[in-house]
Number of protein chains: 2
Amino acid sequence: MGYSISQVAEKFDLTAHTIRYYDKEGLLPFIDRSKAGNREFSDSDLEWLKLICCLKNTGMPIKQIKQYIEWCLQGDDTLEIRRQMFIDHRKEVLKQMDDLKENLKTIDYKLELYDSGCSIPLNGNKS
Amino acid sequence: MGYSISQVAEKFDLTAHTIRYYDKEGLLPFIDRSKAGNREFSDSDLEWLKLICCLKNTGMPIKQIKQYIEWCLQGDDTLEIRRQMFIDHRKEVLKQMDDLKENLKTIDYKLELYDSGCSIPLNGNKS
DNA sequence: ACTTGACTTAGAGCTAACTCAAAGTGCTAA
DNA sequence: TTAGCACTTTGAGTTAGCTCTAAGTCAAGT
């Protein structure tokens with residue numbers, strides 16, 4: 001009989017509010033409903049949600065994820081454009097990792113200074 | 001005579017608006033002014049801005065960065081708490097990198113499917 | 001003196017992504 | 001059958017981080 005919205009919320013560390021919001025925004029057009037009108041998530045739906053969270057957590061805006069879902073619904077005509085989307089997005093994720101590494105260096109440098117017990121005044125290298 | 005706000009904006013790929021916003025939020029309490037009242041950034045100010053951008057780009061909220069700046073202004077009494085802040089933030093950055101790596105795996109898996117020319121229907125693993 | 005252009009301020013407006021409230025429905029257990 | 005709870009919807013409110021507007025100042029060039 002599938003998972004309820006609150007079960008899915010717990011599984012994905014989201015709130016039921018957020019999942020309904022994603023649904024409203026067109027990210028989940030394939031979720032079945034029970035007789036009572038409640039959302040019923042299948043295992044395949046969870047796979048979709050996992051991908052959606054992956055894209056969202058790597059900085060893709062909701063609107064673009066919605067665009068991707070729409071392409072999926074359109075069928076094989078959009079295979080190439082979807083593939084290209086993943087190629088482009090992959091590049092952005094690599095960029096994020098590079099930026100993160102660079103910033104980690106800055107943080108590590110500051111930590112070295114703090115660990116050496118060295119006091120750094122606000123206008124350190126001025127005079 | 002220092003750098004003007006628009007020079008700094010260009011250097012850091014920010015807008016002058018954004019820099020004024022950071023100033024208003026208390027992130028730049030040490031910037032000198034010219035006779036005319038214009039901001040004049042020294043090389044040391046650029047170092048501060050670089051650190052601020054590093055913290056912001058690794059997900060630290062403006063308010064917390066402001067807190068850090070205030071601790072700096074308070075002097076050596078806050079050295080230990082600042083050190084701890086960097087230790088905590090470093091942990092979060094490492095977490096971000098881990099998450100990014102995990103998500104990259106998902107994206108690479110999708111790309112493999114697309115590259116193999118395999119069509120994946122919306123309810124792929126249902127029936 | 002006049003224009004041009006970069007700067008100033010206060011404060012309003014905007015976008016993304018939630019987050020919540022109100023009012024209502026339907027299953028389940030006592 | 002009544003209570004309780006998880007779900008439903010619509011639509012408004014919130015937060016962070018900008019982003020822009022209006023009205024004005026100042027200094028340099030012609």
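Remember, predicted model here, so these are calculated numbers, not experimental data. Note on naming: letters A, B, ... go to the chains in the order of the sequence lines (proteins, then strands), and numbering restarts at 1 for each one.
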Rounded off to whole Å, could you give me the [atom1]-to-[atom2] distance for the [X] and [N] pair?
{"X": "B/Asn38", "N": "D/dA27", "atom1": "CG", "atom2": "C1'", "answer": "10 Å"}
{"X": "A/Gln7", "N": "D/dC5", "atom1": "CD", "atom2": "C1'", "answer": "14 Å"}
{"X": "A/Glu25", "N": "D/dT10", "atom1": "CD", "atom2": "P", "answer": "13 Å"}
{"X": "A/Ile5", "N": "D/dT9", "atom1": "CD1", "atom2": "C1'", "answer": "12 Å"}
{"X": "A/Arg33", "N": "D/dA6", "atom1": "CZ", "atom2": "P", "answer": "18 Å"}
{"X": "B/Lys66", "N": "D/dC18", "atom1": "NZ", "atom2": "C1'", "answer": "17 Å"}

* To do: Could you tell me whether B/Arg83 and B/Glu80 make a salt bridge, using a distance below 4.0 angstrom between a side-chain N and a carboxylate O?
  => yes
* To do: Report which part of the nucleic acid A/Lys35 touches: base, sugar-phosphate, or nothing (heavy-atom distance under 4.0 Å, all strands).
  => nothing
* Touch class at under 4.0 angstrom, heavy-atom based, for A/Ser34 against every strand present -> nothing
When you measure from the side chain of [X] to the backbone N and O of [Y], does any donor-acceptor pair fall under 3.5 Å?
{"X": "B/Asn103", "Y": "B/Asp99", "value": "yes"}
{"X": "A/Asn57", "Y": "A/Cys53", "value": "yes"}
{"X": "B/Thr78", "Y": "B/Ile81", "value": "no"}

* Nucleotide range of DNA chain C lying under 4.0 Å from chain B heavy atoms -> C/dA6 to C/dG11
* Considering only heavy atoms, which members of residues 13-23 of chain B lie under 4.0 Å from some atom of DNA chain D? -> B/His17, B/Thr18, B/Tyr21, B/Tyr22
* To do: Could you grab the distance from atom CD1 of B/Ile69 to atom CD1 of B/Ile62, nearest 0.5 Å is fine?
  => 10.5 Å
